[in-house]
Amino acid sequence: MTCSACAQRIEKVLNRLEGLQASVNFASETAQINSSNPSIQIAPIIQAIEHAGYQVPRQQVELPIEGMTCSACALRLEKVLNRLPNLSAQVNFANETAQISAPRGLIDLTMVKAAIEKAGFSSPSTSINTATPTETPWLFIIAIVCTLPFLIEMGGMLFGQHGILPFAVQFVLASMVQFIPGLRFYRGAYFALRGGAANMDVLVALGTSMAWLYSCWAWYAGRHDLYFEASAAIITLVMLGKWLESRAKHKTASAISELLALQPQTAKVERDGQWQELPISSIQRGDTLMVRDGESIAVDGVILSGSIAVDEAMLTGESIPASKTIGDTVFAGTRSSQGSITIQANSIGAETQLAAIIRMVRQAQGSKAPIQRLADQIAAIFVPVVLGIALLTFVATWLVLHDSSTALIHAIAVLVIACPCALGLATPTAIMVGVGLGAKNGLLFRNASALELASQIDTLIVDKTGTLTEGKPKVSQIHLFNGTESDLILQAASIEAHSQHPLAHALISEAQTRQLPLLTASEIHTEVGLGMSAQINNDQVKVGRPDWVTPLNNAQKTQLEAMTQAGQTVIALAKNDQLQGFIGLKDTPRADAKAAVKSLQLAGINIIMLTGDNPATAAAIANELGITTFQAQMSPKDKAALITQLQAQGRHVAMAGDGINDAPALAAANVSFAMQSGASVAIETADITLMHNDIAHIAAAISLSKATIRKIRQNLFFAFIYNALGIPVAALGLLNPIVAGAAMAMSSISVVSNALLLKRWKS
């Protein structure tokens, strides 16, 4: 792809395929395909891309093969591997290797090795070599070598001397550039025009062809106003610009390569009572791994023995190592900074949290932000408009100056300077840098829309438990009406064992502290935001919000009010509709919650706390944290309804939560934040996941969003102003085509370089 028009054309081609929805990103040079068909085939997609004149780069992997005894084995294995979807293979009996080739990202080594083993052979280690073939620079070298002699000619022009370089030599050199390195522009222009569109290739091919053809005619006619140097220099400068642009774009996507580099290639695994150094592709769920001082962890797992200080900066952005011991979870890509442990592998390969982060970052970097729509709309009509302006320039100049040579040069300058590359790169390059920066700082944006919309937030809805508070409440008071404390705790914990709510964990922890073995609960029913009911030992037991569990008399209401005024969250338990007692639980605010609230308020964001808890407890937490607006006893439906109501008033509402009951509100908000430690349904619903489990980083996410949008607007301004000024200047004849070619190349580089300046952002 040479410009955003190419990306739009591929997108249209792919979206014509049945059951597909495609989004093509020019900056990241990727296509994201969504399909409702679970048996989607890659081959027709690749064929459609190639028919449009583009290519999907291929990846090559070389695997060692054991067990082959003759060339017939190699032929048989080759047939087996070539039956795998999207792969092509060559098996070499002499050096006992298999060369696997597939579109980049589609080689599943686990599947390949399974096929090898099923055929009766084995591949004992990871790939010897994994490579993605890159375009050789020889075309660029030819362009430079053939263009350099024209510097002599151009130097002579400055002193009024023409023809220093013989015309025949100029013709040969310019023709080599035009039809060897320049062939790519003709090819791209052909496919673009065949598809009913026009792109940068059309402009460059047309502009340089006009200069070359005119020079050929002028030489034949015995004239001296030849422009062979213009056609050669334009092609060379465009290629130079694309090369520099590619290098700069690679830096914008550096977050992915840095994340990939975190995972080690091998790990020390216990097999048959022996410790073996094995490739990570050979690790299986349940394996025992050794992690020594200074080593990176290969899988997600639980510590079986030992203790370490582990650097989890790649997950949380937190620079201080976290202490871990037996029973704690460790994650792939994190590194032991002190100590050695053995772990049991729970999640491997694509199942690890690191792999999930990489997938999310890739998807977010490849997605389109709403702000890009304007640029896409302009790019769609830009090239045809430029062609019209170039034709108008040629005709007008000829009519005014009566000089076809000058008219042609003015038209060529218009064609060359008007490339829409900068316009196409303005938004996606900044998005790639912004999303990558977020990942480094523990802020995972689901897509580009989330990154953009976060900059517009003016109202933040926050849940209390687990968001503003630690989310680890403890039993602080028990008030009995019937039975014993142990019986009350035991029955409450036995039902709540089927819940993931923080209050449930508090009750289970209290039962464990009292060494109470849980009872069997059946016919469990949950009323979200209210409580749970179940059958225990033929008794109907309800636990939850006091006013839901059973009607309260005046004495019970007085007791409840006293406990809530003390800042406790109170749950009640009733057996067969008889109130057994109240359990008071207390949760402490997060250490940095007050500072975070103040920071957000100073940024002009109105904070509203919503909680299912009672009004007294909600008021105590709100007052402590400096939150002036709050609502208590809110059900999940109530929270979502309030967000919709605020949006109807023109507010841009964000929601931050971490529980299952937050999911409806998270889905309703313009932008949603979820704590990484929260329920999976909350994380899956949220637009932005906070790996720090820290509300303070909502402010960081908003700051990064605003910084990214500023860069996008700067880039769009540069791109628009460049063409707004460059095209008229070229049309008036104030810009030599060679200078126009250099300016066009620099416009793209300047946009990408400006996006890279975003890396200076600090949370």
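All figures in this text were calculated on a predicted structure; none of them were measured in a lab.
Using modelled atom types, one side-chain atom of Lys324 and one backbone atom of Thr329 make a donor-acceptor pair closer than 3.5 Å. Panel note: side chain Arg9, backbone Phe191; a donor-acceptor pair is recorded below 3.5 Å. Judged purely by atom type and a 3.5 angstrom limit, Asn447 uses its side chain to pair as donor or acceptor with the backbone of Ser449. Judged purely by atom type and a 3.5 angstrom limit, Asp300 uses its side chain to pair as donor or acceptor with the backbone of Gln353. Checked by atom type and distance alone, the side chain of Asn15 pairs as donor or acceptor with a backbone atom of Ala22 at under 3.5 Å. Side-chain N or O atoms of Asn441 include none that pairs as donor or acceptor with a backbone N or O of Leu443 at under 3.5 Å. Between the side chain of Asn82 and the backbone N or O of Ala89 there is at least one donor-acceptor pair closer than 3.5 Å. Ser123 places a side-chain N or O within 3.5 Å of a backbone atom of Pro64 that can act as its donor or acceptor partner. At least one donor-acceptor pair under 3.5 Å links the side chain of Glu295 to the backbone N or O of Arg292. Between the side chain of Ser753 and the backbone N or O of Ile749 there is at least one donor-acceptor pair closer than 3.5 Å.
Comment: Glu351 engages Arg285 in a salt bridge, judged by a side-chain N to carboxylate O separation of less than 4.0 angstrom. We find that Asp201 and Arg187 are not joined by a salt bridge, their nearest charged nitrogen and carboxylate oxygen being 4.0 Å or further apart. Here Arg446 does not pair with Asp687 in a salt bridge; the nearest charged N to carboxylate O distance is not below 4.0 Å. For Glu78 and Arg83, the salt-bridge test fails: no basic side-chain N is under 4.0 Å from an acidic carboxylate O.
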>> Quick one, Met1 with Ile10, criterion side chain to side chain contact (heavy atoms under 4.5 Å, CB included). Give me CA distance, side-chain angles, the key distance, then yes/no.
In response: CA-CA 9 Å; Met1 296 187 292; Ile10 296 172; 3.7 Å; yes

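Here the shortest heavy-atom pairing between Ala119 and Val80 reads CB-CG2, 4.2 Å. In terms of heavy-atom proximity, Gln344 sits nearest to Gly286 at CG-O, 3.8 Å. Between Ala48 and Leu17, the shortest heavy-atom contact is CB-CD1, 4.1 Å. Closest approach of Leu518 to Ala497, counting heavy atoms only: CD1-CB, 3.9 Å.
By the 4.5 Å heavy-atom criterion applied to side chains, Met290 and Glu270 are not counted as neighbours.
Test Thr325, Val310, Val291, Ile341 against Ile303 for side-chain contact (heavy atoms from CB on, under 4.5 Å) and you get one pass: Ile341. Here the options are Glu62, Gln90, Gln60, the test is side-chain hydrogen bond (donor to acceptor under 3.5 Å, both in side chains), and the partner is Gln99; only Glu62 passes.
To the nearest 0.5 Å, atom CG of residue Leu354 and atom CZ of residue Phe331 are 11.0 Å apart.
Using modelled atom types, one finds a donor on one side chain and an acceptor on the other under 3.5 Å when comparing Thr266 with Glu277.
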